[in-house]
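Only one structure is covered here, and it is reproduced in the block below.
Count residues from 1 along the sequence. Atoms considered below: every heavy atom in the structure, side chains included; atoms not considered: hydrogens, waters and symmetry mates.
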Amino acid sequence: MSEAPSRAATPATAVPPVAKKVPSPREHHGDVFVDQYEWLREKEDPEVVAHLKAENAYTETVTAGQQPLRDAIFEEIKGRTQETDLSVPSRLGDWWYYSRTIEGKQYPVYCRVAASGAAGDVEAWTPPAVVPGEPVPGEVVLLDGNAEAEGKPFFALGGATVSRDGSLYAYSVDNAGNETFTLRIRDLRTGDHLPEVIENVFYGLEFSTDGGRLYYVVADESWRPYQIRVHVLGTPVEQDAVLYEEGDVAQWTSIDLSGDRRWLLVSVGNSEYSETRYLDLDDAEARLELLLGRSERILHSAELFEHDGAAQVLLVHNRDAVNSMVSTAPLAEFTKPLAEQRWTTVVAHDAAVKIEGAEVTASHLVVALRRDTIETVRFAPLAGAIAAAEAGSAPSFAEPAFGEELYTAGAGVSDYRAPVARLSYTSFFTPPRVYDYVLATGELLLRKETPVLGGYDPQDYVAERAWATADDGTQVPLSVLRKASVRADGTNPALVYGYGSYEVSMDPAFAIPRLSLLDRGVVFVVAHIRGGGELGRRWYEAGKKLLKRNTFTDFVAATDWLSASGWADPARIACMGGSAGGLLIGAALNLAPEKYAAAVAQVPFVDALTTILDPELPLSALEWEEWGNPIEDSEVYAYMKSYTPYENVRPAGYPAVAAVTSFNDTRVLYVEPAKWVQVLREATTSAHPIVLKTEMDAGHGGASGRYEAWKDRAWDYAFIADALGARNVIS
């Protein structure tokens, strides 16, 4: 028998904090919006901190009855997880690199052991038999995350790299949760750190060929990566030179190495076009050169490699190809004007297939693609692919088959010389598998399937594809997950999850915490709404800028499908999303609050217009290519104001709402949900609780440490399960 949904009002003894009102007018394009709660942005104000702590205390009181359920879900997650485990070792040069976890410890330990065997021998690329929990002969600990985190409120590894000869290890650490890192370098021959410490670095660091220089990225005050700096080991950090500086506030800058580690690639761009520069690391006198400029307005990624004794460029690009295509050209071609350059098509444009990326090894071309929402991978001999393309023929690709309808597969090569590609595979109910794909033969060698304890049987669950019809008739794909014993009798609790922005796809992936909801009879629906990338570039473009409302109405259409499908009781449907998906949740609640019994908005971007109107705030200017520029464009301003959650809360019966945020989040500031919760409480005509939970020592991804992450997920899921009357495990 199904449980009754929890419709309890907020306990009479629990009084929600009421923030004072301080009118703050905002005027753009003749429109004046008076924000009563903008003062909550003052992070250093003791009154703001006190308010957030009062909100946490209120949340704790209101949800205290959910603690046994949270504890149960946490123990289920823990009980299904092999706590002492390790990743599959991956070979780079003369070493095997891996990480391992230890029962009771929050963070991974990053390690390596020596490798042997010729580079072209498949046997030499068979990972060593490392047994979880047993000492590894010859193991070298590169970084122990638990030791690094000791005494710190937060720990996250921003990046790590080893020099080509394997003697130096550079890594960056965040101890605040604001995604700003401290960089250090360890000499692996002695185990000692080099004296230099570089503060306030961003993601991205690479060594020069000889290991004497380290390239790293720096962000400006708005948290925009804009500089590439060069540190010469043994010199004062203050003398670090700027290799490149980007002055356009709407551009993002990053670095990478080519597969053969000869070229440093500097990428600049946004979601609509990009620019690539390159530096020959084998030439100490080389300068940074422009490969393909932003003035051409081509969205692309580039890889440099050697072929037949000459430098070549592999391009994934959207030049006359909305879903992108793959081309090659000699490096020398890029010294000419674009109209005179000769590019050879290796993978032609296909309106039904989105090219997601490509890379080369010494022998093969690897292409990642998306077809019918599913991401997978293809392989072709490099020389044969180039020869066929130059002859005007389509190269012959091999594509592994997996036997499931809904899955995700990807591949990469850790070492350019490798005769195998490391392939990852997962589905909603297949735990992550790691294969080595033998490039010469197509043989798949299973290296590991992530163990799931507690008697897990994938046959106990079902994942199916369904389609919702949007307001304009568009068919929106859904992934419908349930326990196999659940029947379509119209009585089940359900959760609709979505994101729908930045061309990010919600791909099939296994998740242990989600099993706890499914085991309680919750039907879990992933809505692949417009604004994501599941159906190619046009799917994304149909949910951005002046078409953004499609994202929200698609989500409501997914909810309507669920209500009518028989899989759910229409009175027992919840919704959840994070970051831009939190904006989605806020917008959906404003559109149709009566359709949801509960909502969890994680680090929600619910005050998007205020943020994007201030280019000094983190990432704001970079958002213009996603949402439009409301500063310059009155139409964009009016359109955004019509949907941003904070400014469109209205008197209505809102469901139980939990806004979950982090005090040190740089991507979506805590102030957005803090303000949103205030206006929701003022407007709602229902008695359902509306709570704000702020992690005071965390960032955009929540608290650090795996056990803390499990507790966070248990909190979110308990809030939903309690509201839906799905507290007990079903048979």
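- Although no hydrogens or angles enter the test, the distance criterion places a donor-acceptor pair under 3.5 Å between the side chain of Ser208 and the main chain of Arg213.
- At least one side-chain heavy atom of Asn146 sits less than 4.5 Å from a side-chain heavy atom of Val109.
- Shortest non-hydrogen contact noted between Glu179 and Asp174 is N-OD2, 3.0 Å.
- Pairs passing the ring-ring contact (aromatic ring centres under 6.0 Å, His included) check and including a residue from residues 80-117, sequence neighbours excluded, read Tyr107-Phe155.
- Between the side chain of Thr408 and the backbone N or O of Pro508 there is at least one donor-acceptor pair closer than 3.5 Å.
- For the pair Arg713 and Tyr717, the distance from NZ or CZ to the six-membered ring centre is under 6.0 Å and the angle to the ring normal is within 45 degrees.
- Judged by distance alone, the side chain of Ser172 and the main-chain N or O of Gly159 form a donor-acceptor pair under 3.5 Å.
- Distance CD/Glu289 to OG1/Thr276: 13.5 Å, rounded to 0.5 Å.
- Between Arg262 and the options Glu206, Glu303, Glu306, a salt bridge (charged side-chain N to carboxylate O under 4.0 Å, His left out) holds for only Glu306.
- Looking at Leu331 and Tyr278, their side chains come closer than 4.5 Å, going by heavy atoms from C-beta outward.
- Only one option out of Leu314, Leu265, Val360, Asp280 pairs with Leu304 in a side chain to side chain contact (heavy atoms under 4.5 Å, CB included); it is Leu265.
- With respect to the salt-bridge test (charged N to carboxylate O, under 4.0 angstrom), the residues Asp716 and Lys693 do not qualify.
- Pro431 and Val452 get closest at one heavy-atom pair: CG-CG2, 3.6 Å.
- Counting heavy atoms from C-beta on, the side chains of Asp436 and Thr126 never come closer than 4.5 Å.
- Proximity of Val242 to Arg229: side-chain heavy atoms (C-beta onward) are separated by under 4.5 Å at one or more points.
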Working for side chain to side chain donor-acceptor pair (under 3.5 Å), residues Glu375 and Ser505: CA-CA 9 Å; Glu375 185 172 8; Ser505 299; over 6 Å; no

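- Salt bridge absent: Glu75 and Lys78 never bring a charged side-chain N and a carboxylate O closer than 4.0 Å.
- Between the side chain of Ser163 and the main chain of Leu168, a donor-acceptor pair closer than 3.5 Å is present.
- Aromatic ring pairs are classed by plane angle as parallel below 30°, tilted from 30° to 60° and perpendicular above 60°; the pair Phe402 and Tyr407 is tilted.
- We find that Glu503 and Lys354 are joined by a salt bridge, their nearest charged nitrogen and carboxylate oxygen being less than 4.0 Å apart.
- Looking at Met696 and Pro153, their side chains never come closer than 4.5 Å, going by heavy atoms from C-beta outward.
- Residue Leu194 holds its CG atom at 5.5 Å from CD1 of Ile185, rounded to the nearest 0.5 Å.
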Residues Thr253, Glu246; criterion side chain to side chain donor-acceptor pair (under 3.5 Å); working and verdict: CA-CA 7 Å; Thr253 305; Glu246 176 54 50; 5.1 Å; no

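- Note: Asp256 CG to Trp263 CH2 = 15.0 Å, rounded to the nearest 0.5 Å.
- Using a 30° and 60° split on the angle between ring planes, Tyr707 and Phe74 fall in the tilted class, from 30° to 60°.
- Contact annotation: the side chain of Asp240 never approaches that of Glu196 to less than 4.5 Å [non-hydrogen atoms, C-beta and beyond].
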Glu139 and Arg100: CA distance, side-chain angles, deciding distance, salt bridge (Lys or Arg N to Asp or Glu O under 4.0 Å) verdict: CA-CA 12 Å; Glu139 179 180 86; Arg100 52 182 173 85; 2.6 Å; yes

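- The NE2 atom of His307 sits 6.0 Å away from atom CD of Gln312, with the distance rounded to the nearest 0.5 Å.
- A donor-acceptor pair is defined here as one N or O able to donate and one able to accept, closer than 3.5 Å; such a pair exists between the side chain of Thr84 and the backbone of Glu103.
- Minimum interatomic distance between Arg370 and Asp507 (heavy atoms only, all atoms of both residues): NH1-OD1, 2.6 Å.
- A distance-only check finds no donor-acceptor pair linking the side chain of Arg70 to the backbone of Ala72 [under 3.5 Å].
- Contact record, Leu279 with Ala286: CD1-O, 3.5 Å, taken as the closest heavy-atom pair.
- Other residues, nucleotides and ligands place no more than 12 heavy atoms under 6.0 Å from the CD atom of Glu150.
- For Arg417 against Ala362, the heavy-atom pair with the smallest separation is CA-CB, 4.3 Å.
- Residues Asn664 and Ser662 have side chains that never bring a donor and an acceptor to within less than 3.5 angstrom of each other.
- In terms of heavy atoms, Arg706 sits closest to Gly104 at NH2-N, 4.3 Å.
- When side chains are defined from C-beta on, Pro89 does not count as touching Val113, because their heavy atoms never get closer than 4.5 Å.
- Atoms CG and NE2, on Leu291 and His300 in that order, are 6.0 Å from each other to the nearest 0.5 Å.
- For Thr101 (side chain) and Asp85 (main-chain N/O), a donor-acceptor pair under 3.5 Å exists by modelled atom type.
- Side-chain N or O atoms of Arg186 include none that pairs as donor or acceptor with a backbone N or O of Tyr171 at under 3.5 Å.
- A side-chain N or O of Asp282 and one of Thr209 form a donor-acceptor pair less than 3.5 Å apart.
- In Lys448, the NZ atom is crowded: over 12 heavy atoms of neighbouring residues, nucleotides or ligands sit closer than 6.0 Å.
- Between the side chain of Thr450 and the backbone N or O of Pro432, at least one donor-acceptor pair lies under 3.5 Å.
- The environment of CG in Asp210 is crowded: more than 12 heavy-atom neighbours from other residues, nucleotides or ligands sit within 6.0 Å.
- The side-chain heavy atoms of Leu92 and Arg261, taken from C-beta on, include a pair separated by under 4.5 Å.
- A ring-ring contact (aromatic ring centres under 6.0 Å, His included) check over residues 200-235, counting only residues at least two apart or in different chains, returns the pairs Phe181-Tyr203, Phe202-Trp223, Phe202-Trp252.
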